[in-house]
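Single-structure report; data block below.
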Amino acid sequence: MARDEVLTAQPGSDRPAGKLQEALANAHTAIRRGARIRHIYQHPARYSGSIRDYLSQVPAQHLQVRTAELTVERLIIIDRSVAHIPASADRSTALRISHPALVSYLIQVYEVLWAQAVPLAENHQATAPNAPVTAVQHSIARLLAEGHVDDVVARKMGISVRTCRSHIARLMQTLGATSRTHPGTLLARSGSTSTSPHEPPA
């Protein structure tokens, strides 16, 4: 059990209520032992009611949360000495890693992700000037330009296929795109970059 620090990377935009209750119990136990907690979620998790409910029950002074466009598969690092990664595709089992070199490497990966992620509490304007495209939509446009189909884009973004298609429709309408790959081309040509994951949920 953690005594100093818990680092987690959580792919996707939502988690089952039972898993979040288990995570909440573990967080409270770690905090009682004096540990600090850092979570990295994907941007769409900002609009998950269950995740926000979980976060509201963890003392803010012990918790830091950031979101990123993409993250690695689920990763939990405890006290910088032990790491846990999925051992099966459905994440029902985990592999415990304690080899110092491997744990050190995973910590470096985590810190790179953390540095590139956006603090949950940070306020940004919803769109960049002259580019009414959100961060999530910009990421979707890039993935479409790479030739990915809807279900692959949705999986990489940690959102449902329905939500993904809603974003695609908005993108095409906003940019006047004529094909699925056109939004990415238009954004690249304009040199526009998204500035914020803060947007209303689909």
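- Ser139 and Arg142 share no side-chain donor-acceptor pair at under 3.5 Å.
- For the pair Ile85/Glu73, no side-chain contact is recorded, criterion being any heavy-atom separation below 4.5 Å from C-beta on.
- Within 6.0 Å of CZ on Arg3 lie no more than 12 heavy atoms contributed by other residues, nucleotides or ligands.
- Judged by distance alone, the side chain of Asp4 and the main-chain N or O of Asp79 form no donor-acceptor pair under 3.5 Å.
- Leu143 and Val149 are assigned to two separate hydrophobic clusters, defined by single-linkage of ILVMFWY side chains at heavy-atom distances under 4.5 Å.
- Under the 4.5 Å side-chain heavy-atom criterion for grouping Ile, Leu, Val, Met, Phe, Trp and Tyr, Ile76 is connected to Tyr41 within one hydrophobic cluster.
- Between Ile140 atom CD1 and Asp150 atom CG the span is 9.5 Å, to the nearest 0.5 Å.
- In this structure a side-chain-to-backbone donor-acceptor pair under 3.5 Å is present from Gln42 to Lys156.
- Ile40 CD1 to Leu7 CG: the interatomic distance, rounded to the nearest 0.5 Å, is 8.0 Å.
- If you take CD on Gln137 and CG on Leu144, they are separated by 11.0 Å, rounding to the nearest 0.5 Å.
- Separation of atoms CD (Glu5) and CD1 (Ile78) is listed at 11.0 Å; rounding is to 0.5 Å.
- Between the side chains of Asp90 and Ser92, a donor-acceptor pair is found at a separation under 3.5 Å.
- Among all heavy-atom pairs drawn from Ser88 and Thr93, the shortest one is OG-OG1, 3.3 Å.
- Under the 4.5 Å side-chain heavy-atom criterion for grouping Ile, Leu, Val, Met, Phe, Trp and Tyr, Leu106 is not connected to Val6 through any hydrophobic cluster.
- Considering only heavy atoms from C-beta on, Ile159 comes within 4.5 Å of His167 through its side chain.
- In terms of heavy atoms, Ala117 sits closest to Arg66 at CB-CB, 3.5 Å.
- In terms of heavy-atom proximity, Arg74 sits nearest to Pro86 at O-CD, 3.1 Å.
- Note on Val112: it does not cluster hydrophobically with Ile107, by side-chain heavy-atom contacts below 4.5 Å among ILVMFWY residues.
- One distance of note links CZ of Arg52 with CG of Leu120; it measures 5.0 Å at 0.5 Å rounding.
- Residue pairs meeting the side-chain hydrogen bond (donor to acceptor under 3.5 Å, both in side chains) criterion with at least one member in residues 101-113, sequence neighbours excluded, are Arg38-Glu111, Arg80-Glu111.
- Put simply, SG on Cys164 and CZ on Arg155 are 11.0 Å apart, with the number rounded to the nearest 0.5 Å.
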Which pairs of donor and acceptor atoms, one on a side chain in residues 54-63, lie under 3.5 Å apart (sequence neighbours left out)?
from  : atom 1 : to    : atom 2 : distance (Å)
Tyr54 : OH     : His39 : NE2    : 2.7
Ser56 : OG     : Asp53 : O      : 2.7
Gln57 : NE2    : Asp53 : O      : 3.3
Gln57 : NE2    : Asp53 : OD2    : 3.1

Open item on the list: Working note: Leu24 + Gln21, criterion side-chain contact (heavy atoms from CB on, under 4.5 Å); need CA distance, chi angles, decisive distance, verdict.
Closed with: CA-CA 5 Å; Leu24 182 61; Gln21 285 302 312; 4.2 Å; yes
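- Arg33 and Ala2 make their closest contact through CD-O, 3.2 Å (heavy atoms, listed as atom of the first residue, atom of the second, distance).
- Contact detail for Ile97 and Val103: the closest heavy-atom pair is O-CG2, 3.5 Å.
- The two residues Ser48 and Ser50 make their nearest non-hydrogen contact at OG-OG, 3.1 Å.
- Tracing side-chain contacts under 4.5 Å through hydrophobic residues (I, L, V, M, F, W, Y), one never reaches Trp114 starting from Val65; they form parts of separate clusters.
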